[in-house]
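A short worksheet on the structure shown next.
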Amino acid sequence: MDKFVIQGGRPLSGTISVSGAKNATLALMPAAILAPGISFLRNTPALRDVTTMTSLLRTMGMGIDFRDNLLTLDSTVIDGYEAPYEHVKKMRASIYVLGPLIARYGRAKVSLPGGCAWGPRPVNLHIEGIRKLGAEIEMEGGYIIAKAGRLHGARIHFDVSSVGATGNVMMAASLAEGTTLIENAAMEPEITALAGFLIAMGARIDGVGTNRLEIQGADELHPADVITIPDRIEAGTFLIAGAITGGNVTLEHVVPEHLSAIIAKLEDAGCTIRSGAGSLSLTAPPAMRPVDVTAAIYPGFPTDMQAQWTSLMSIASGRAVVTDSIYFDRFKHVPELTRLGADIELKKNAAVIRGVRRLTGAKVMSTDLRASASLILAGLVASGTTEVLRVYHIDRGYEAIEKKLQSLGADIRREAGEEF
Ligand code: EPZ
């Protein structure tokens, strides 16, 4: 298993280009099942999760080609309707095939995802929503078994705002007979991007960008050609890389309004941020002010950025509290940051951080995608050498992260790690 070896203490400076959004891509790819023919997803990032989704869809008969960030999806002949445990346990987003398969073929067999590094992540909202559209769903041997004739529109109210459930139900409803209303829908930009793809395929969706979506089902949809939005979490991670190292970085190919909560918090912490058409520039202050954050649904501060923020606050000049209101136990990075000298106390779903003057390099272990990012950020500022082990986690969601960091002046290299 590969590792990153980082010599900390170098302020980053320069410009990088942000890749396409992982969490949009993982919804757009299964959405292609809905429309027979060849669809194109431009600006698709080269990520492990995209490879995993590609191999899953290929087992269903989809023809897929990927080169130079252009993903070509041929859904003319889909002859498989199953997402096996092997795929789903590797990547929870595999469940996104449920809605499109049941809508177009009236059948689907999808493994329950099981837990992840930070605890259970139920899929009850996906199941209840698709049941309301007229599918019969049973659980058997750890699998969701779904059957349906033509789906019909329904009024669906989500008790909890869920990105995945909103995406799955919106995809299924786009081929249902009649109108579907989704209330308390997720408003994340990745859901807006999915709606855009469905509309390009001929779906009729009103309320895009709000938490109330109205979908007029179509009898059929046609393939489409879209450009995937930039990855706001990658962008936020690189802004923090500039901030934590006391540097000066510019990001290109971003949508600044997708990062408004992150920008606001970085300015509260003393950073100067300038946004241009599709670009963001950050200049770090001499010392970081402590700033509390509560991760919440969009447009709040993203839960996918709370680990990275915790790293930044570990060297701030005071006490800051990072709370996650989405996932109460998404704190596997805290014990590892403590190994680097951070002073963090966990209290339920909050990390109480007392900034220290400096972190010191050590060997640390990645446990999940965003925890890995937080450890790399801490290693960039820690004195001496930091080794971040099991970087296959980071390769799931960041395209060539070490190359982008090297281009900003970071001393980071990938090494084949010891098996253990
Ligand atoms: C998406 O996961 C993202 N993944 C996650 O990013 C992100 O952390 C999450 O949204 C929250 O923003 C993708 O888009 C592929 P949810 P998802 O359904 O859809 C509860 C990353 O690092 N819930 O919005 O699985 C759930 O337990 C990944 O890129 C139910 O109770 O998240 C959680 O508390 C990690 N029942 C809350 O809703 C359900 O049926 C939000 O989950 C579904 C969800």
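Not measured: the values here are computed from a predicted model. Numbers here simply count residues along the sequence, with the first being 1.
Contacts of D324 classified as salt bridge (charged side-chain N to carboxylate O under 4.0 Å, His left out), with partners at least two apart in sequence or in another chain: none. Residues satisfying the salt bridge (charged side-chain N to carboxylate O under 4.0 Å, His left out) criterion with D292, sequence neighbours excluded, are absent altogether. Scored by the salt bridge (charged side-chain N to carboxylate O under 4.0 Å, His left out) test, R357 finds no partners at all (sequence neighbours excluded). Taking D2 as the reference, R414 meet the salt bridge (charged side-chain N to carboxylate O under 4.0 Å, His left out) condition, with sequence neighbours excluded. Residues forming a side-chain contact (heavy atoms from CB on, under 4.5 Å) with A243 (at least two apart in sequence, or on another chain): L266, C271, L282, M288, L312. Partners of E415 according to the side-chain hydrogen bond (donor to acceptor under 3.5 Å, both in side chains) rule, which considers only residues two or more places apart in sequence or in another chain, are R413.
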Could you give the side-chain donor-acceptor pairs of residues 226-239 under 3.5 Å, partners two or more places apart or in another chain?
from, atom 1, to, atom 2, distance (Å)
T228, OG1, R42, O, 3.3
D231, OD1, I233, N, 2.9
D231, OD1, E234, N, 2.9
D231, OD2, K22, N, 3.0
R232, NE, E190, OE1, 3.3
R232, NE, E190, OE2, 2.8
R232, NH2, E190, OE1, 2.9
E234, OE1, S19, N, 2.8
E234, OE2, K404, NZ, 2.6
T237, OG1, I233, O, 2.7
T237, OG1, Q308, NE2, 3.2
T237, OG1, Y398, OH, 2.7

If you look only at distance, which donor and acceptor atoms sit under 3.5 Å apart when one is on a side chain in residues 9-16 and the other is two or more places apart or in another chain?
from, atom 1, to, atom 2, distance (Å)
R10, NE, G409, O, 3.2

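Pairs passing the ring-ring contact (aromatic ring centres under 6.0 Å, His included) check and including a residue from residues 260-304, sequence neighbours excluded, read F301-W309. Judged as a side-chain hydrogen bond (donor to acceptor under 3.5 Å, both in side chains), not a single pair has a partner in residues 337-346 (not counting sequence neighbours). Among pairs with a residue in residues 265-295, none fulfils ring-ring contact (aromatic ring centres under 6.0 Å, His included), at least two apart in sequence or across chains. For residues 251-280, the set of pairs meeting the side-chain hydrogen bond (donor to acceptor under 3.5 Å, both in side chains) definition, not counting sequence neighbours, comprises S17-H253.
In this structure, Y85 places its OH atom where only 12 or fewer heavy-atom neighbours from other residues, nucleotides or ligands lie under 6.0 Å away. The number of heavy-atom neighbours closer than 6.0 Å to CG of D68, taken from other residues, nucleotides and ligands shown, is 12 or below.
Residue S55 is tested with K90, E86, H87 for a side-chain hydrogen bond (donor to acceptor under 3.5 Å, both in side chains); the sole match is H87.
The side-chain heavy atoms of Q306 and F331, taken from C-beta on, include a pair separated by under 4.5 Å.
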Next item on the list: I would like to know whether D395 and L47 meet side-chain contact (heavy atoms from CB on, under 4.5 Å); could you show each step before the answer?
Entry: CA-CA 6 Å; D395 291 333; L47 303 172; over 6 Å; no
